[in-house]
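Notes follow the structure.
Lettering follows sequence order; numbering is per chain, from 1.
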Amino acid sequence: MVDKDIILAIVSSTLLILLLIAILVIVFFISGKQRIKQEMEMAAAKLSFERELRQVETEVSEHVMGRFAHEIHDNIGQLLTAMHIQIENQKLDHPQLAEGFKPTEIYLGEVSQHLRMLSRTLNNDYIGHIGLLIAMQTEVDRLRALKRFRVHWPPVEGKSNLDKNQELMVFRIFQEITQNVLRHSAAKNLYIETNNANEQFELTIRDDGCGFVPEQVQASQKASGLRNIVKRAQLAGLECSISSSPGKGCEFKLKKPGTGNGS
Amino acid sequence: MFIATMIHINQTILIYSVTALAAVTGIIVFRKLQVFFKLLLLQVVLYLMGDRLGIKLKPDPNAWVYNVLALFETLLLFLAAQVYFNSKRSRLVLQSLFFIFLIVFFIDFFLYDIFKIIFYHAVITEGLFFSAISITILYFQFRKAKTHLDTAIIVAVIGMLIYFACSTPYLCLISYIQKFDKELNKKLFQYIVVDLAGVRYMLIAIAFFIAGRRKTLSPAN
């Protein structure tokens, strides 16, 4: 016969192990929960820090751009006006030279106009005042004047369904994208579409240029512009998608969350 | 006596139903299962078939079926653990543990008659190793439990830990009890090993169900 104590030992040790397993699982569960909570708090803090950093960066760059805009408007603009007055005086003093001054006057007029447009697009107060859609129209006019590609943008009336900060961000993203098209795409056409109806906002910018592989470009060190676009969109609380492939152009889509495909 | 026989029959039916449930659940969601769970499913099917064969062979000596089953079961569980731990160092540790198990298994093979005696040293080694491995998996798993898959792994591993850790004290004394009281040994086997196996396969069935519910596949680790 087997000693009863042995059976008791087997049964009690089995139950004890079962109890230990239960304790172990509870301890692991609690510590795991705490760790996950801690990780989430750390991730939130990191995100908030990045957000603030980006905000500061944006404010600094807006400030610098504002300074440029004022400099162009106040100093260079004044100098060009002085040149214009000087030419007018010369024409009055020497009427026989009036014909010779004509091409210079035309170039001077164009330079003044381009600088005025550039000054406006750099000035965030001006953009805030006139609104996103008119600011975009000014930028489109500037691009059209460069005659590097055809810009297709059906006129849009009214105001965008975005707040002032979002408008400024979207405009800067728009500028970044058009600059990229200008510099790298070799596109012949640039298509811009806006869906601004019923509290929605969706901006699509498409070109028929050389295209690229988004993952490759984003992974490279040079793609600060592309990363800026994505980070600015995140900061503005907008959804941003980039689709492109070599030889097939590129499409950027900016969307206010909750905006569907249809209008 | 009648009650005892009835309990024994009920337990046998229960363990078969639970194991079959685990196998059927696993087969239904097979396409959605990760490699870790596929190996676990293979082990469940193997157990179901092996145990069936063992019972069919009675009253002839059938210990060899359980010995061979223990070898393949351990191999499959080690493979599943290897799939879970994908670092080189962990794999080396697991391979070393399996090698130690093989040594113990072959020592038992030379010491005892494979047809008559279950290699309980090897079974105890298997139990100890998988208790440690299960605790390690649980430790890592609870730190990242976020998806259905993580929960499924936790449920399956708790099942295995309960079985392997709780049956070890009895398995350590199985030979001693068998020598002095065969009837008692049969009862203890039924109440400890068979019931714990029932819990194990029930939890594995739940794990298969949870793992099969998830929509997308993601790496096990």
Side-chain angles (χ1 to χ4, degrees), chain A residues 1-51 213-216 218-219 230 234 239-243 253 255 257-258 260-261, chain B residues 124 127-128 130-132 134-147 150-151 153-197 199-200 203:
Chain A
M1 277 296 284
V2 180
D3 197 333
K4 272 186 182 173
D5 288 344
I6 289 176
I7 298 166
L8 195 68
I10 290 171
V11 174
S12 56
S13 57
T14 305
L15 291 173
L16 195 69
I17 289 171
L18 205 59
L19 187 72
L20 279 173
I21 290 170
I23 292 169
L24 199 74
V25 169
I26 291 166
V27 169
F28 281 173
F29 178 76
I30 292 168
S31 67
K33 280 266 172 206
Q34 277 174 346
R35 192 189 148 85
I36 290 166
K37 194 181 162 193
Q38 211 174 7
E39 272 177 9
M40 279 170 74
E41 279 171 1
M42 274 174 71
K46 199 178 163 190
L47 197 74
S48 149
F49 174 72
E50 268 185 18
R51 202 173 268 260
V213 180
E215 293 79 20
Q216 261 180 26
Q218 277 180 312
V230 176
Q234 278 176 349
E239 289 170 7
C240 175
S241 66
I242 306 163
S243 51
K253 214 167 236 183
K255 211 162 82 172
N261 284 331
Chain B
I124 292 165
L128 289 174
F130 281 110
S131 300
S134 303
I135 290 170
T136 316
I137 292 178
L138 283 179
Y139 174 74
F140 286 116
Q141 210 51 37
F142 271 117
R143 287 156 76 99
K144 60 164 191 152
K146 280 169 195 163
T147 61
D150 293 324
T151 316
I153 293 174
I154 287 173
V155 173
V157 172
I158 287 176
M160 287 204 284
L161 180 61
I162 288 172
Y163 174 79
F164 285 118
C166 295
S167 61
T168 303
Y170 163 70
L171 290 172
C172 288
L173 293 166
I174 191 171
S175 167
Y176 173 80
I177 303 167
Q178 176 76 7
K179 207 182 280 178
F180 295 102
D181 196 337
K182 281 187 182 173
E183 260 318 297
L184 178 73
N185 191 32
K186 209 173 171 183
K187 271 185 197 166
L188 281 176
F189 186 85
Q190 203 69 29
Y191 284 121
I192 296 175
V193 179
V194 175
D195 285 359
L196 287 174
V199 174
R200 173 188 174 180
L203 289 174

Give every donor-acceptor pair under 3.5 Å between a side-chain atom in residues 17-30 of chain A and any protein atom, sequence neighbours left out.
none

### Message
Is B/Ile158 in contact with chain A via its backbone, its side chain, both, or neither, using a 4.5 Å heavy-atom distance?
### Response
side chain
### Residues from residues 39-47 of chain A approaching chain B under 4.5 Å (heavy atoms)
A/Glu39
Please round to the nearest 0.5 Å and tell me the distance separating atom [atom1] of [X] and atom [atom2] of [Y].
| X | Y | atom1 | atom2 | answer |
| --- | --- | --- | --- | --- |
| A/Lys33 | B/Phe142 | NZ | CZ | 10.0 Å |
| B/Leu184 | A/Ile7 | CG | CD1 | 4.0 Å |
| B/Cys166 | A/Leu16 | SG | CG | 9.5 Å |

### Message
Between B/Ile192, B/Thr168, B/Leu161, B/Asn185, who has the most heavy-atom pairs with chain A when the cutoff is under 4.5 Å?
### Response
B/Leu161
#### Entry: Intermediate values then yes/no, side-chain contact (heavy atoms from CB on, under 4.5 Å), B/Tyr170 and A/Val11
CA-CA 8 Å; B/Tyr170 163 70; A/Val11 174; over 6 Å; no
